[in-house]
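Comments concern the structure below.
Keep in mind it's a predicted model, so treat the numbers as computed, not measured. The chains referred to below are lettered A, B, ... by the order of the sequence lines, with proteins before strands, and numbering in each begins at 1.
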Amino acid sequence: MHTLQEFFYFTKGTEYLIGVLFLISFIFFYRLVFQAPGDDTE
Amino acid sequence: MSISRRGFLKIAGIGGAGAIAGAALPAAASESDFEGYPDRYGMLTDVSKCIGCRSCEAACNKQNKLPKPETPFEDLSVLDTKRRTTAQAYTVVNKYNTRGSSEPAFRKLQCNHCNEPACVSACFVKALTKTKEGPVLWNDKLCVGCRYCMIACPFYIPTYEYDNAFSPRVMKCTMCADKVAKGDGAPACAEACPTEAITFGKRSDLMALARERIRTAPDKYIDHIYGETEVGGLGWVYISHVPFDDVGLPTNLGGTPYPKFTKNALAAVPMIVVLWPVVLGGVYAFARRREAIDKQTRENAVANAIETTRADTQAKADQAREAALKRAASQAENEKKKAVKEAVDKALEEAKQQQSGEAPKEGGA
Amino acid sequence: MDNAKPKLFTPFNVITGLILLVGIPICLYRFMGGLGAVTNLDNNNPFGLWIAFDVLTGVALAAGGYTIGTIVYIFGMKEYHPVVRPAILTAFLGYFLVGVGLAFDVGRPWRMPYPFFMSQGFTSVMFEVAACVALYLTVLFLEIAPVALEWLRMKALRNILVKATIGLTIFGVVLSTLHQSSLGSMFLIVPNKIHPLWYSTFLPIYFFVSSMIAGLSMVIFESSLSHKAFKNIIDAEPHPFDHDKIVMGLGKAAAIVMFGYFGIKVIGVAHGNHWHMLATPYGLWFLVEMVGFVLVPCFLYALGVRAGNVKLVKFTSFLAVFGVVLNRFNVCLVAFNWELPMSERYFPSFMEFMVSLTLVTAGLVAFKWIVTRMPVLTEHPEFRESH
């Protein structure tokens, strides 16, 4: 079993993971900012 | 330092972006590790021999003509508080309670004259230099007083004359560079030390001496020479019978020479100077092109609209004319027919009348 | 500005007058008595309020000049043209005050040209900052000069400068990129003195990206204030522009940049593997900065833009600006020397505050003096067609 601390010790893996998570969340954020409600363009 | 005309022209000539591009070159060019000037002088402090008598402080004060302190050097009660170097004291001795020893330990603080000093790399007017002889020296004629050297120093050594309004100086140990250069023996502190805790000499010799001491008394000393590798090597090295951390020598500084921490960032400067105009110029050209295309599209649309309207109008006019002609033609036809019919009718009528008038005549004859 | 005699005792005049009355003697005292007479600086804390606020914050908040310049002249988004001049004027005054602030802070200000003309310390980040700030101040001067030239009706010279706009803008962006990031690089040399949550090899990138946030948010903030304060000037403009639309557009951009900034800050924590430090007092303070003044304004911008709520976007701009100020203070003062006992830490003196306040006030007075006379918020009728 890994503790949380040990998991995060694999720093590089964490960085990749965060990068991917940000990419995905950015798509939603971008839509939040640039797409007005009910707007289906783009 | 006086500035030569040629030197000035050179600087002025580089100008603009070139000056910035040039900024990173010296740092970026020296890729290899600097081993330090050969034959440079250094100092060795043997922490185990220091008794906290403050003789070195007194000698330093006298040698550098610093102001007399409020409490005389004979008063050892000052050792009870933690002190640091000040503009009035290039060196101070502190007392430390340490692990593994009931006796307190003493250590002298002063500039460590690093092989690759953070302060020297941080100075934007080269007022600080690492001399070939070993000492790190400060130049009164160049210093602007930005105090970035004090920020950069990992050992909290350089000090400033904050109370001097017109010519404040950065004050720190010079390893008695003048005294040594004159051939007037060793730095004052080393000469004054009654226990030979401080040794002056070629750094290479001092390293050998330090190793020898550790080798001959392995139970007494920590098996490490502080300053051999720390921050790329110090000019002033230490051996100790207690952990270095306990006598205020940080052991978490690592072996990287401090100038390296800013080297890569500075190396990026010419990259940006070259690449940014290319990128921005590209974006600008792109925006202009799109603008031109938009304009063209708009113009085309307008032209098309005009053309369509004109054609439309033309067509409508043609149609109307044709219709009118047709109508006119059919009307003419009708009128012609009507006229013909009328004429025929009239002729028939006349013929009828004539016939009816003549017939009785013919019939009666 | 009206035909009526201008009133002398307006609230603005009284407050600025009082500040200058107290501040200017302190400024003089700094030069007569030295740094020690007015500041709490000491050998452990050589950088104080004047570096953290006057220089680091001043430069960050003046980033609107290059940000808007890029948007309008390089990206070609002409609808933001009405805010170009106020942004560049703010930047010019900002950088000018940075220079003045530095003159207060360095020990021998009359030697400030030394790094350029006497001895060049190329290995110093400070050299790069000094060179870029000096050059950029010149660029900003050339960019804002047409305003004064239009006012003076010096058409020929003004037209030459206007032709150089693109070149100046690109050079300005290069210089801004360099010194905005270099202010972060300056702290790369103190890995042992700054708390690990704020120290990072990415410091230059953080400083550069957050300067864009500061630039965009400052333009929203500053133009909204000008709109209120100089309503009579703007209303006199025959071709009014839609200020709300500009605010919304800039808010959109700021939201996106802040999202990215938050992302790279999280990656920084991951890169240094400093997760466990988040649960310490410094970690909580780090979270206050990152969540309270980056993530929250980021989403407030997004929601404000989405809901078409101009007021929310304007309020958020204040929050975002404050977040960047907080970041600069954290790096330079709060997280700096974090391992030293409290007795050896620094807190600015009253006189240091007063000098900084005096400089800001002088900047506001200069801004007011210029916009009430020169074509900054409005267009000069004789030069209307030319853009």
Side-chain angles (χ1 to χ4, degrees), chain B residues 1 3 8 11 16-17 19-20 22-27 84-87 118 121-127 142-148 150-152 154 156 158-160 162-165 167-168 250 252-253 258-259 261-262 265-266 268-269 272-273 276-277 280-281 283-284 287-288 290-291, chain C residues 31-37 39 41-44 46-47 70 73-76 102 105-109 111-112 114-128 130-132 135 166 169-171 173-175 177-178 181-182 184-193 201 203-204:
Chain B
M1 193 195 109
I3 181 160
F8 176 79
I11 298 155
I20 304 157
L25 286 180
R84 60 152 292 157
T85 55
T86 66
S121 81
C123 183
F124 74 156
V125 285
K126 290 187 193 151
L142 289 175
C143 180
V144 181
C146 73
R147 307 186 299 285
Y148 188 36
M150 298 166 66
I151 292 281
Y156 291 94
T159 68
Y160 201 61
Y162 286 104
D163 293 324
N164 185 339
S167 54
N252 59 353
L253 297 181
Y258 264 42
F261 287 115
T262 50
L266 280 171
V269 169
I272 291 170
V273 170
W276 241 200
L280 295 172
V283 173
Y284 174 63
R288 280 284 295 263
R290 211 173 45 182
E291 205 178 312
Chain C
F31 290 107
M32 302 316 291
L35 285 165
T39 70
L41 296 174
D42 60 36
N43 291 323
N44 287 333
F47 283 0
T70 307
Y73 294 122
I74 297 176
F75 295 168
L102 268 174
D105 190 74
V106 300
R108 306 190 203 189
R111 286 186 175 180
M112 277 164 73
Y114 274 28
F116 311 116
F117 301 114
M118 290 292 281
S119 175
Q120 295 77 35
F122 291 131
T123 56
S124 171
V125 181
M126 189 72 97
F127 177 84
E128 207 247 293
C132 288
L135 284 170
I166 290 299
T169 305
I170 290 184
F171 191 39
V173 177
V174 170
L175 292 171
T177 310
L178 290 178
S181 60
S182 293
S185 311
M186 254 171 53
F187 294 94
L188 288 177
I189 205 157
V190 282
N192 62 320
K193 291 186 185 176
T201 46
L203 264 174

Highest number of heavy-atom pairs under 4.5 Å with chain B: which of S185(C), G107(C), P204(C)?
G107(C)
Hey, are the side chains of V283(B) and F75(C) touching, using non-hydrogen atoms and a 4.5 Å cut-off?
yes
Under a 4.5 Å heavy-atom cutoff, which of G145(B), A265(B), P259(B) has the most pairs with chain C?
G145(B)
Counting only non-hydrogen atoms closer than 4.5 Å, does A127(B) touch chain C with its backbone (N, CA, C, O), its side chain (CB onward), both, or neither?
neither
Looking only at G36(C), G34(C), P46(C), the option with the highest number of non-hydrogen pairs under 4.5 Å against chain B is P46(C)
Among G281(B), S167(B), P250(B), which residue forms the greatest number of heavy-atom pairs with chain C at distances under 4.5 Å?
S167(B)
So which residue, L188(C), D105(C), I74(C), ends up with the most heavy-atom pairs under 4.5 Å with chain B?
I74(C)
Between Y258(B) and N192(C), is the side chain to side chain donor-acceptor pair (under 3.5 Å) condition met? List the steps.
CA-CA 10 Å; Y258(B) 264 42; N192(C) 62 320; 3.3 Å; yes
Of the backbone (N, CA, C, O) and the side chain (C-beta and beyond), which part of L253(B) lies under 4.5 Å from a heavy atom of chain C, both, or neither?
side chain
Between N44(C), V173(C), N43(C), which residue shows the highest count of heavy-atom pairs closer than 4.5 Å to chain B?
N43(C)
Where does T86(B) contact chain C at under 4.5 Å (heavy atoms): side chain, backbone, both or neither?
both
Against chain B, label L203(C) side chain, backbone, both or neither, depending on which of its atoms sit under 4.5 Å from a heavy atom there.
neither
Largest heavy-atom contact set with chain B, pairs under 4.5 Å, which of P115(C), G184(C), S181(C), A130(C):
P115(C)
Honestly, the part of C146(B) sitting under 4.5 Å from a heavy atom of chain C is both
Under the 3.5 angstrom rule, does the side chain of R147(B) hit a backbone N or O of F47(C) as a donor-acceptor pair?
no
Cation-pi geometry met for K193(C) and Y156(B) (6.0 Å, 45°):
yes
Supply the atom-to-atom distance F261(B) CZ to I189(C) CD1, rounded to the nearest 0.5 angstrom.
8.5 Å
Report yes if the side chains of L178(C) and V273(B) come closer than 4.5 Å at any heavy-atom pair, otherwise no.
yes
For the side chain of T123(C) and the backbone of S121(B), is there at least one donor-acceptor N/O pair under 3.5 Å apart?
yes
Minimum side-chain heavy-atom gap Y160(B)-L41(C) below 4.5 Å:
no
How close do V125(C) and M186(C) get, counting heavy atoms only, and between which atoms?
CG1-N, 3.6 Å
Taking every non-hydrogen pair under 4.5 Å, which of S182(C), P191(C), P109(C) racks up the most with chain B?
P191(C)
